[in-house]
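Sequence lines set the chain letters: A, B, ... in the order given, protein chains first and strands last, and positions in each chain run from 1.
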Amino acid sequence: MAGGLEQVGAFSMIGSVSHPANSPWTPSHPAPYLARLNPEQREAVEALDGPLLVLAGAGTGKTRVLTARFAHILLTGRAAPSQVLAVTFTNKAAREMRERVAAMLGRPVEGLWLGTFHALGARMLRRHADRAGLSSNFTILDADDQLRLLKQVMEAERVDAKRWPPPALMALIQRWKDRGLPPARVPESEEPEFAGGRTRSVYAAYQARLQALNAADFGDLLLLPTELLRTDPDILAQYHRQFRYILVDEYQDTNLVQYLWLRLLAQGHRNLCCVGDDDQSIYSWRGAEIENILRFEKDFPGATVVRLERNYRSTAPILAAAAALIAHNEGRLGKTLRPGAETETAGRAAGGAAGEKIQLVALWDSDEEARMVGERAEALRRAGESLAEMAVLVRAGFQTRAIEERLITIGLPYRVVGGLRFYERAEIRDALAYARVLVQPADDLAFERIVNLPRRGVGETALRAMHERARAEHTPLSEAAARLVAAGALRGKAREGVAFLLAGFARWRAQLEAEGHVIAMATMLDESGYTTMWQQDTAPDAPGRLENLKEFLRALAEFESLAGFLDHVALVMENEANADGERVSLMTLHAAKGLEFDTVFLPGWEEGLFPNQRSLDEGGIKSLEEERRLAYVGLTRARRRVIVSHAANRRLYSGWQSAIPSRFLDELPESEIERSGSAALGRAARQAAPVAFPLQVRPRVQEAWEQAPRPPQRAALAVGSRVFHEKFGYGTVTSVENDRLDVTFETSGPKRVLDRFVVAA
DNA sequence: AATCTAGTGTTTTTT
DNA sequence: ACACTAGATT
């Protein structure tokens with residue numbers, strides 16, 4: 001910390017004004033990092049004292065403000081690097097901020113407390129682990145381990161795991177942790193009708209078990225430090241002394257425990273700066289509380305609020321459409337995106353001063369939709385656009401499959417962002433389990449995972465004996481295993497297998513000391529038989545798994561110690577593979593937050609899918625608003641071009657399901673959109689077409705969406721009209737709401753359909 | 001202890 | 001359709 005102070009010694013530590021006397025910069029000649037900001041951004045950077053909420057709309061230069069503020073605090077001598085706490089949600093955001101701050105200062109910065117909530121929580125918890133009943137080398141469990149542990153606890157507590165699904169109980173416990181509630185403080189009134197009213201005691205047992213294993217789950221990384229700050233005045237005072245300034249990114253996504261943690265830390269100097277956008281809050285289902293940002297001014301009286309509304313990313317039509325859409329939400333802090341100066345340039349570059357309209361494409365089915373995306377992407381590429389600047393953003397993961405298949409067929413390179421991450425692959429998790437046992441023999445979960453992997457004859461019976469012994473003598477599983485072998489309590493293959501493994505670990509530990517973690521790890525994987533297991537596996541993916549293990553060792557080599565590597569894996573878990581290149585990106589809308597592309601495809605805007613029916617069933621109007629925010633996030637990812645589409649029929653599970661266009665489409669201003677697509681053709685044209693089913697024999701109108709768009713023809717249909725639908729046949733209209741009809745069909749019963757899809761019969 | 005079979009549930013998932 | 005899991009089977 002002292003070193004940090006010296007680093008900024010060129011500037012006065014006493015100076016409480018923004019521009020110290022010995023600074024070369026003055027208000028009329030500000031530092032370059034200030035000069036490039038617009039007035040609102042600059043206000044957000046320079047308002048250093050007291051609580052500050054920066055409402056930063058999409059594309060308004062949020063990251064620039066955060067990093068400039070960070071640099072400003074350091075360069076004005078307000079604080080040393082170690083005295084600023086900067087919190088983000090993603091590792092990517094943390095890395096980006098670190099790099100940009102270093103670039104602004106012209107040198108790498110040491111001793112920063114900059115990272116994700118979880119990484120910083122872990123750092124704090126390791127410092128004071130003893131006060132939380134852990135030792136500082138505790139293991140961080142991933143979701144998989146958590147669930148397995150909970151299952152064990154449920155069994156021990158005699159809670160029937162068949163009647164009460166463990167994942168549901170896990171979710172319950174996580175929600176409590178998200179709200180900063182350790183077992184003892186979960187109110188009795190919150191005991192749900194679950195597990196025979198014993199959820200709280202299972203939670204308590206689960207926590208006890210974690211402690212015994214010297215392990216923390218993800219929720220604990222915030223829950224436990226917050227409890228420490230709450231209950232230990234000395235620790236709290238220590239951090240109050242340390243952190244003069246606190247910066248928080250994506251504040252709209254914080255949950256209650258993160259809020260409590262921040263509030264406790266901010267009580268010291270009250271220099272809390274939170275940046276966020278209530279319109280981009282899309283993680284409520286993970287415990288995020290949008291109320292945190294809505295309540296900021298009440299929570300921190302005297303807070304300054306700065307709105308960043310000048311968007312430098314998207315064209316005017318995109319901004320107008322996004323603004324119109326999000327205006328349908330209530331309970332917003334209120335903020336309207338408007339084009340910033342640079343956007344007009346972007347618009348001209350795109351071929352017209354105003355920019356392209358939002359393209360709304362109506363398709364017959366999801367296959368046709370996939371073809372449309374593929375062909376338009378291909379056409380754009382032929383026109384000289386980069387595939388890396390195109391993204392397909394979907395509501396649900398399964399939607400990517402149809403599009404992937406199409407892109408493969410036409411040979412267009414793509415990447416799927418998200419999905420299975422490197423460290424979630426089975427072989428990597430196995431290798432990690434070996435590493436964990438090596439570092440911490442008491443890691444029962446890891447030991448259990450690998451004790452019979454590869455198969456060495458240690459079955460259920462042997463494992464049960466180990467568990468019993470471990471419980472009776474209060475030792476870790478590996479220790480119990482050793483005693484069982486010594487006592488001759490295990491027989492045959494089980495005895496040989498366990499003895500072999502334990503001898504191996506003794507050897508590998510010695511090797512770890514002598515020759516380092518990379519050699520030890522490689523030897524361990526070979527000598528344990530793990531590598532051989534995959535070499536002998538004839539499955540088609542076995543070679544790939546061996547390749548992944550090599551990659552694992554390469555990654556390991558970049559770390560100084562195994563423990564450091566394990567922390568990195570638990571906290572950073574990134575998919576390094578196919579990171580960039582000339583490819584179209586496919587991902588969920590959730591995964592797209594914070595990214596931007598020239599061209600954005602938004603397929604699947606259909607009722608039920610988007611907004612998602614399940615989401616609506618669970619959360620009602622609040623969920624509908626969150627779905628709408630998701631749509632807003634999607635639109636605002638685009639710099640120059642948006643193609644929204646919906647299909648009348650979608651492949652689902654085994655069969656087909658029909659769907660009406662999303663209500664969000666009606667919320668886009670007609671003046672900013674341009675319609676096209678086969679399913680948007682006039683009724684007359686469709687009547688002339690052969691009956692649609694079965695789909696396989698329906699002739700395709702491949703280039704339909706390239707035909708001149710026609711305005712949708714509104715039917716003069718009234719209640720009682722007899723109508724014909726291509727899929728459902730004949731029926732009678734029972735109600736009319738705008739372009740939506742409730743129709744009782746003679747063969748398929750009542751359905752809600754769009755008037756475009758029926759004809760008067 | 002390994003393998004087969006019937007049953008189940010298929011939204012989003014920063015750490 | 002399909003993948004994953006728990007339970008039964010050998």
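- Phe398(A) has its side chain within reach of Leu609(A): a pair of non-hydrogen atoms, C-beta onward, lies under 4.5 Å apart.
- Ring-plane geometry between His568(A) and Phe559(A) is classed as tilted, the angle between the planes lying from 30 to 60 degrees on a 0 to 90 degree scale.
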Worked check of ring pair (Phe, Tyr, Trp, His ring centres under 6.0 Å) between His328(A) and Phe664(A): CA-CA 9 Å; His328(A) 286 80; Phe664(A) 296 150; 8.9 Å; no
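- As judged by a 4.0 angstrom heavy-atom cut-off over every strand, Gly457(A) is placed among residues touching the sugar-phosphate backbone only.
- Looking at heavy-atom distances under 4.0 Å, Val458(A) makes contact with sugar-phosphate atoms alone, never a base.
- Spacing between atom CE of Met587(A) and atom C1' of dT14(B) amounts to 14 Å, rounded to whole angstrom units.
- Interface limits on DNA chain C: the 5'-most and 3'-most nucleotides within less than 4.0 Å of chain A heavy atoms are dA1(C) to dG7(C).
- A side-chain donor-acceptor contact under 3.5 Å links Glu627(A) to the backbone of Asn612(A).
- Contact annotation for Gln613(A): no contact, since no heavy-atom pair falls under 4.0 Å across all strands.
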Write out a two-atom table: protein N or O, nucleotide N or O from nucleotides 6-11 of chain B, distance below 3.5 Å.
from, atom 1, to, atom 2, distance (Å)
dT10(B), O5', Arg614(A), NH1, 3.4
dT11(B), OP1, Arg614(A), NH1, 2.5
dT11(B), O2, Arg395(A), NH1, 3.4
dT11(B), O2, Arg395(A), NH2, 3.0
dT11(B), O2, Asn612(A), OD1, 3.4
dT11(B), O4, Glu618(A), OE1, 3.3
dT11(B), O4, Glu618(A), OE2, 3.0

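- When rounded to the nearest whole Å, the span between CG of Leu114(A) and P of dT15(B) equals 15 Å.
- Of the two residues contacting DNA chain B, namely Arg455(A) and His590(A), the nearest-nucleotide position lying further toward the 5' end is that of Arg455(A).
- Aromatic ring centroids of Tyr251(A) and Phe296(A) lie under 6.0 Å apart.
- Atom CG of Asp253(A) and atom C1' of dT12(B) are 13 Å apart (whole Å).
- Applying the salt bridge (charged side-chain N to carboxylate O under 4.0 Å, His left out) test to Arg179(A) and every residue at least two apart in sequence or in another chain returns Glu190(A).
- Mapped onto DNA chain B by nearest heavy atom, Asn452(A) and Thr90(A) fall at different nucleotides, with Asn452(A) at the one closer to the 5' end.
- Just one residue in the list Asp277(A), Asp249(A), Val54(A) forms a side chain to side chain contact (heavy atoms under 4.5 Å, CB included) with Lys62(A), and that residue is Asp249(A).
- Atom NZ in Lys593(A) sits about 12 Å away from atom C1' in dT13(B), given to the nearest Å.
- In this structure, Thr588(A) reaches the dT13(B) phosphate: one of its side-chain N or O atoms is under 4.0 Å from OP1 or OP2.
- Of all the residues in residues 278-286 of chain A, Tyr283(A), Trp285(A), Arg286(A) reach under 4.0 Å from DNA chain B with at least one non-hydrogen atom.
- By the salt bridge (charged side-chain N to carboxylate O under 4.0 Å, His left out) test, Asp279(A) pairs with Arg332(A), Lys335(A), sequence neighbours left out.
- Under the rule for a salt bridge (charged side-chain N to carboxylate O under 4.0 Å, His left out), the partners of Arg464(A) that lie at least two apart in sequence or sit in another chain are Glu460(A).
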